[in-house]
There are 2 protein chains.
Amino acid sequence: MTRRDSVRNRERLVDAAREVFAEHGFGATLDDIARHAGLGTGTAYRNFPNKRAIAAEVLREATEQIAVDAREALEVEDPWDALVQFFERTGARQAADRGLYETLTGQGDDEVQARIWPEIVAAVTELFNRAYRAGAIRPDAAVQDIAAIFALLGPAFEMSRAIDPNLWRRYLALLLDALRPANQPDLPVGPPPVESLDLILRVGKRNL
Amino acid sequence: MTRRDSVRNRERLVDAAREVFAEHGFGATLDDIARHAGLGTGTAYRNFPNKRAIAAEVLREATEQIAVDAREALEVEDPWDALVQFFERTGARQAADRGLYETLTGQGDDEVQARIWPEIVAAVTELFNRAYRAGAIRPDAAVQDIAAIFALLGPAFEMSRAIDPNLWRRYLALLLDALRPANQPDLPVGPPPVESLDLILRVGKRNL
DNA sequence: TGAAAGCGGAGACAGGATCTCCGTTCAGCG
DNA sequence: CGCTGAACGGAGATCCTGTCTCCGCTTTCA
């Protein structure tokens, strides 16, 4: 039989991990998390074999929410609105959760990212294609640009954390404006090849 | 009298540092640089007291070029073209030089950044104001957005290094399109306060 | 040609993070 | 209650990584 305090402590640990990872990203140490939970390091390591394990636990639900966002967006009838809704929701999550942002951009746990990736890519492709066919997107844009836009938003999320929680919406709006059909000249360089999708989302990964 | 091999080695070291910092950023170790120069670590430390010193040497000229870009842009008569030219030139430098990019975004040597900053800010402000007064920029934009755009371009530079050296131009073009006056609705959030300029350029700085 | 300057790179040192160990505490059964 | 083993806490062992030093060996050049 498991002691009541033990299960309670496990929960506290997970809660603390959620908060600490959201605020500081994966740079945070397990000691930080234990401290934040009001517990000792030993307790943390009795409940989880290592840092990755607790991170995986916290991230599973967060990444799954992204997939949910994508599915829900697919139900919006107007193709452009659907795309915007996806950006909006997913952006909000990443702005609020640095750990999530790091995972999605490949700076976090590769395994978690690998598991959730295919589903998100499929949904986003669908989202993009619908809007593109409807003429809601400039003709010289490509799906890869959606991934790229998320990469570009990274710094905007950081700014949001430092300056104003809503600031990222300003730059999302700017980028979305740019995605719309326009009388601007064609983009000067073609989109990155589709195969480079994972590279795009891995930007910033230390790659000595 | 200094031995001939000694001065030659110093040059090799500086050249190696330039290349290594450009490619790997400041994460590179002095050992990496010495190796790349075909020399031993000891030699590196006999010529420079520490890593910062050699980095400062390499960066002085690079950062000064940015200021030159800004001054030259001010000489272009069309206000919008002037702004574009500055983005284009400075972007090219940062895309090619990761160390430079890190310095400008506050992830590198603070001192170098601090020295060059005021001049760049002044020139860019002038550049922006001219274009704004000429109506070449959407009315809800602000100078701070220029700094923000450079921050957003960071991931684009990384992509360029990983995928195609020209790729960043695509996203610069996208962002510049968005800056132009348009019939789009107003941006949903105001610009960050002017005082937060340094925060914007410090995005990504580890701030535990 | 020999002495002084320079070289090289193993390893001392420092900082920081992960994880372990064991004396102490306390939940919960009898 | 009182006992007992599961759970706790946190100091510190361990590992990793990067900076910098030290000193036996090599090279330059008067």
Side-chain angles (χ1 to χ4, degrees), chain A residues 1-17 20-21 23-59 98-99 102 107-112 205-208, chain B residues 1-17 19-21 23-59 98-99 102-103 107-112 205-208:
Chain A
M1 84 158 24
T2 12
R3 272 165 57 164
R4 197 131 17 90
D5 58 341
S6 177
V7 319
R8 189 201 52 200
N9 282 340
R10 188 181 207 281
E11 277 162 23
R12 283 193 187 169
L13 243 6
V14 175
D15 288 348
V20 171
F21 283 143
E23 172 132 15
H24 300 291
F26 290 111
T29 70
L30 250 206
D31 289 35
D32 289 340
I33 294 169
R35 189 78 42 92
H36 193 261
L39 297 169
T41 350
T43 306
Y45 279 94
R46 207 164 316 97
N47 282 283
F48 302 92
N50 52 45
K51 190 172 148 183
R52 286 190 62 191
I54 192 166
E57 173 111 5
V58 163
L59 279 164
R98 185 161 162 184
E102 289 177 358
Q107 300 166 259
D109 189 309
D110 284 352
E111 210 172 305
V112 175
K205 179 115 190 168
R206 262 282 164 263
N207 53 341
L208 182 109
Chain B
M1 82 159 22
T2 13
R3 275 165 56 165
R4 198 139 11 94
D5 57 341
S6 177
V7 319
R8 189 202 52 199
N9 283 340
R10 188 182 207 281
E11 276 163 24
R12 283 193 185 168
L13 244 5
V14 175
D15 288 348
E19 287 168 29
V20 171
F21 283 144
E23 171 132 15
H24 299 290
F26 290 110
T29 69
L30 249 207
D31 290 34
D32 289 339
I33 294 170
R35 188 79 41 91
H36 194 261
L39 298 169
T41 350
T43 307
Y45 279 95
R46 206 162 321 95
N47 282 285
F48 302 92
N50 52 46
K51 191 172 147 183
R52 285 190 62 191
I54 191 165
E57 173 112 4
V58 164
L59 279 162
R98 186 161 162 184
E102 289 178 359
T103 306
Q107 300 166 258
D109 189 310
D110 285 353
E111 210 171 305
V112 176
K205 180 117 190 165
R206 264 283 164 261
N207 53 342
L208 183 107

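Throughout, protein chains are lettered first and strands after them, A, B, ... in sequence-line order, and every chain is numbered starting at 1. FYI, side chains are in, hydrogens and waters are out, and symmetry mates aren't considered; it's all heavy atoms of this structure.
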I33(A) CD1 to dA17(C) P, straight-line distance once rounded to whole Å: 12 Å
Closest nucleotide among dA7(D), dT21(D), dT19(D) to the T41(B) side chain: dT21(D)
Interface residues of residues 2-17 of chain B with DNA chain D (non-hydrogen, below 4.0 angstrom): R3(B), R4(B), D5(B)
Other residues, nucleotides, ligands: >12 heavy atoms within 6.0 Å of R4(A) CZ: no
side-chain N/O T43(B) vs dG8(C) OP1/OP2, d < 4.0 Å: yes
Between C1' of dG10(D) and CZ of R46(A), the distance in whole Å: 11 Å
Single hit among I33(B), T103(B), L59(B) for side-chain contact (heavy atoms from CB on, under 4.5 Å) with F21(B): I33(B)
Length of the CZ-C1' vector between F26(B) and dT17(D), whole Å: 19 Å
Phosphate OP1/OP2 of dC19(C): any Y45(A) side-chain N/O under 4.0 Å: yes
Any donor-acceptor pair under 3.5 Å from D32(A) side chain to T29(A) backbone: yes
From CD1 (I54(A)) to CG (L13(A)), nearest 0.5 Å: 4.5 Å
Euclidean distance, atom CG of residue N50(B) to atom P of dG18(D) [Å, nearest integer]: 17 Å
Separation of atom CD1 in I54(B) from atom P in dT19(D), rounded to whole Å: 12 Å
Side-chain donor or acceptor of E57(A) paired with backbone N/O of V14(A) under 3.5 Å: no
Euclidean distance, atom CG of residue N47(B) to atom P of dT19(D) [Å, nearest integer]: 17 Å
Nearest-0.5 Å distance, CG of residue N47(B) to OH of residue Y45(B): 12.5 Å
